[in-house]
Amino acid sequence: MSADPVDTGETPAAPISAPSDAAPPQDAPPTAEKGAPEKPALSGAELKKRAKAEKAAKRAQQKAATDGTSGAPHDSKPVQQEPKQQKKDGKQAPKEPKQGPKEAGQPGMPIPMRRRQSVTLPPPKEKEEVIKQVGLFGHLYGQPKQHSIAAAAKEVHPAILALGLQYSSYVICGSTARCVSMLLAFKKVIESYTTPKGQALARHLTSHHLSPQITYLQACRPISISMGNAIRHLKDLIVKIDPAVSEADAKEHLIDSIDSFIKERITAADELISEEAMRKIAEKGDVILTYASSTIVQTTLLKAHDAGKQFRVIVVDSKPLYEGKALARNLAHHGLQVSYSLISSAAHAMKNVTRIFLGAHAMMSNGRLYSRIGTAAIAMLAHERDIPVAVLCESVKFTDQVALDSIVKNELASPEELLSENERSALVDLLPKEKSSSTDKHEDVMKWWRDEPNLQMLNLLYDVTPAEYISIVITEFGSLPPSSVPVVHRISTNT
Amino acid sequence: MATEPPPPDKYDIVAAYQRLLANDHDLTKPIAAIEALVDAMATTSTETVSETLETLEDHIRTLKSSVSNPISLSAGTDLFQRYLITTLNRPSADLTSPAGAVDFDAIRNQLLTNRGLFASRAKAHRATIAQSGRNLIRDGARVLTNGGSRVVAALLRSVAETGSVRFQVVYVLDPDAASQEGEWSGPAIVAMLRAKGIPVATIPDSAVAGALAEIDLIVVGAEAIVMNGGIISKMGTYQMGLLGNIKHKPFYVVAESHKFVRILPAGQYDLPIKQRAIDFKVGKEGELVSIEHESQGGYTVEDEAVDLSDSGASGGKTGKKDSDNSENPVDYTPPNLISGILTESGVLTPSAVSEELIKIWF
C-alpha cells in the first residue's frame, strides 16, 4: 500500500459508497453528504452517472471476490469509459483529490479521498499482491491482461481463443494485422453460428454470440481503433439483415461482406496508399527513416525498391517489443540498404534523412497521430530538422475521438515486459541476499522490483504526435494534411 | 465508333490554350485551360461516357506536358474533369434523351453556351475579392507585395480608387526580363498604381529583409493554393513569408478559389514540376559571372535596379534557351506562414482549404 506515489497516499481503500462523494457540489457542507438530504439536489445526469459508477463498483467487487476465476470481464466496456467520467468529475470538483468510480471499485487499491465520518471501513484485503500503479495513469489500469484461456467464457469460439492469446503475447501485433485477423476469425464464428429457436438472427447474433468474443479479445488486449471501426461496421450489417432472409443466406451475406470489407478498406487501400507514398520517394538519393514496424511502410519501401528507386532506409526501433527488427530484416533481405538503430540514437540517425514514413495505430479527429510509443519523439526530431513526416494510414484507422495527450487514453502493458530475460539475469547479482529464496532467480528479480516501494514501473504502448509535426497523411483518398482527418472520416463512414 | 475513331490530335489544344492566354491578359491559366478544354470537347464527337473521358484525359495530358509548370493549369483541368464526370454520371433531365441515355449533343451545346461563364465568373470573382479585401488595407498602411498578380493589382487599385485610404506600396521587383512584359507584369502594376497617385517604392529581392521594418502587412498573389493551404507562387514569395513570420508581419494571400489544386507538397522539392533552383556549375577563372548570367535566364547580378529598357535585350538573349520562358520559377510557401487566404467566398484559414477541396472531390 505504501507504493502509491500520490501525496495523498495512505488512505483506506474505497468502500462501495465512495463514488457518491464525487457527485455533491464542492461547497456543500459536510453534513449534507450524510445520506438522503443531498440526493434531490443532484441533476438527472449526475444521478445516472452515480448509478453507473456504483454498478461498476459492485461488479468489480464481485469479480474480486471470485478472484478473476469467473468468466471474462463483463465490465470491460464501462471500464474503458471511466476515464472520461473521471475527468468530468474532476472538473466539477477541482479541489477534490483525483478519484474515479473505477478506482473505487478496485479493492486493495489506495484511493486518494477526503476522510469522512460516514465512510465505512475498507473491506479486508483479499489479495496480498497488488499491481503497483503509477498514479497519473491510474485510470488506465483495467483488468490484468488475460494470458490464458482458463478464464474464458464458454461461448468463446476456439478461433477467437487462439487469436486472443496471439494478441496478448504480441504474436499478432499492429493495428491492421489485428483487425484483419479478427475479421477472419469472426468469419469462422459466424459460420459456426446457429440461431436458437424463437430468436431472430439480427437480434441474437450480436448480443449473444459476437459480444462474448469481443469481450474476450478485449480482455486479452484492448481493441484497436481499426478493430472498433470494423466491429461497428459488422454490427451495422447484422442489424440491417432482413428477418425474412434465411439463416444460411444471412450468414453467407455476412461472410461475403467481411471479405469485401477487408478487400476495400484494407487490401485495396494499402495498394493505393503504397502507390501514392512510393511517388513521394525520389528516383535517387532519398534517405527514409521509419520507426518501429508498419506493414504498409514495408510494402511501400519494397514497391519503391522494385520500381528501381535508389534510396536508403533507416529503421529506428525501441524496447520492449523490437518490432523494427523484423522490418529491417525483411527489407535487407529484399536487397534494400538498411541501417538499424535504437531510439536512443534517433537524433544521430536523423542527420541525413530526407523523409520520414510512419505507420499509425489511429488518426485522431484533431489531426493527431496515435501510434507506437516513441513516434512522437521521432516526429519532433524530424520537425526540428524540417524533414517532411508522412503518415501512412488507411481510413479505417480514423476515429472521431480527439486526443490531446498520451495520458487520458492509452494502453498499458505489463511493466514486467520492460525487462528482458537478459536484463533480468544481469540483475540477479544485485539481488539482496534475504530476497533470493526460491530457485527461480528471474522471478526473484521481478519480485524485488515489484516490492521496491520507491520504484515505479510504467509500460505505455502508445503516444500522441501533435498535428504540427505531421506534413502529410497518405490515405486511400490521396495525400491530405492532418487537418483533413475529420472530413475524410465523415466521408468514409457515410458511404 | 466502329468505323473510325477520331484521332486525338485532331484539335490542337496547346495552340488554343496559348492563343487564349495571348488574346486576353486578364485570363488566368486555369481558366484558359478550362476554355481550351471546352472548345476541344465541343469539336470532338464522342458517343460514350468512357470515350468522352478518355478524350478529355488525352487532351489534359497533352496540355500539361506542353508547359514546364503545369500546376496552376492543372487546377483548371481538374475542375473541368470533375465537372464533366459529375455531369455524365448524374445528368440532369434536359441532358438525357427520353430513353434515359446521356445526350452528348446536348452536353456539348451546354458546354458551349456556358463557355464564357467560366471566364466572366472568374473576373467577377476578382472584383469581389478586390471589394472585400479593402478592409485589409487600413489608412496609413504600408503594403509589401511582389510578382505580377492580377488579383493583388485589382485589390490595390480598388483601394486606391476609394480615395479615402492613404496607403503606400513597396513592390518587390526582380529584374527578370521575362516577367516584365504584358499588362499584368510588376512594372506595369507599379506604373498603374503610381498613376492613381499611390506612392510606390520598388525594391529588389535582396532588400526584403531590410525593408521589412517599415512594412505593415504583406499581400501576395498565388499561382496555386495546395491542399494544406500553402501556396505555390513566384520564386521569392517563400522568403517573404519566412521573413514576415519572423518579424510578425501579417501575410495575406489573395487568390480566386479556382486556383485550389489537389496536390500536397511535403517541401520545396516535392513540387510536381521540373525546376532547378540550384544549378551547380564549374568553370574557369573569370568565367563564373557570365555562366550564372546564362543559367538564370537573363538575371544578372549587377542588374538590381529596375531598368525597363534593358528588358528587351536580355529577353531576346534568353529566349532561344527556353522555349517556355513565360513560366517563371516558383516556390512553395507552407501554411504556417500564412495568416489568411482571401478568396471570393471570404477569408479562409489555410486549414479550410483542404475542406473546400475535399468538398469538390468527394
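In what follows, chains are A, B, ... by sequence order, proteins preceding strands, each numbered from 1.
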Exercise for the section: Answer yes or no: does atom CD of B/E54 have more than 12 heavy-atom neighbours from other residues, nucleotides or ligands under 6.0 Å? Expected result: no
Problem - side chain to side chain donor-acceptor pair (under 3.5 Å) pairs, two or more places apart, involving residues 354-368 of chain A - result: A/D286-A/T354, A/D286-A/R355, A/H361-A/Y462
Problem - CD (A/E384) with more than 12 external heavy atoms under 6.0 Å - result: no
Problem - Residues in side-chain contact (heavy atoms from CB on, under 4.5 Å) contact with B/K247, at least two apart in sequence or another chain - result: B/L212, B/K249
Exercise for the section: With a 4.5 Å heavy-atom cut-off (strictly below), which parts of residues 334-355 of chain B touch chain A? List them by number. Expected result: B/S351, B/S354, B/E355
Completion exercise
Answer key: most heavy-atom pairs under 4.5 Å with chain B among A/S471, A/G367, A/S484 is A/S484
Problem - Check: B/D270 and A/P388 side chains under 4.5 Å, non-hydrogen atoms - result: no
Exercise for the section: Mind checking ring pair (Phe, Tyr, Trp, His ring centres under 6.0 Å) for A/H489 and listing every partner two or more places apart, or none if nothing turns up? Expected result: none
Problem - Nearest atoms (heavy-atom pairs only) where B/L264 meets A/P481 - result: CD2-N, 3.3 Å
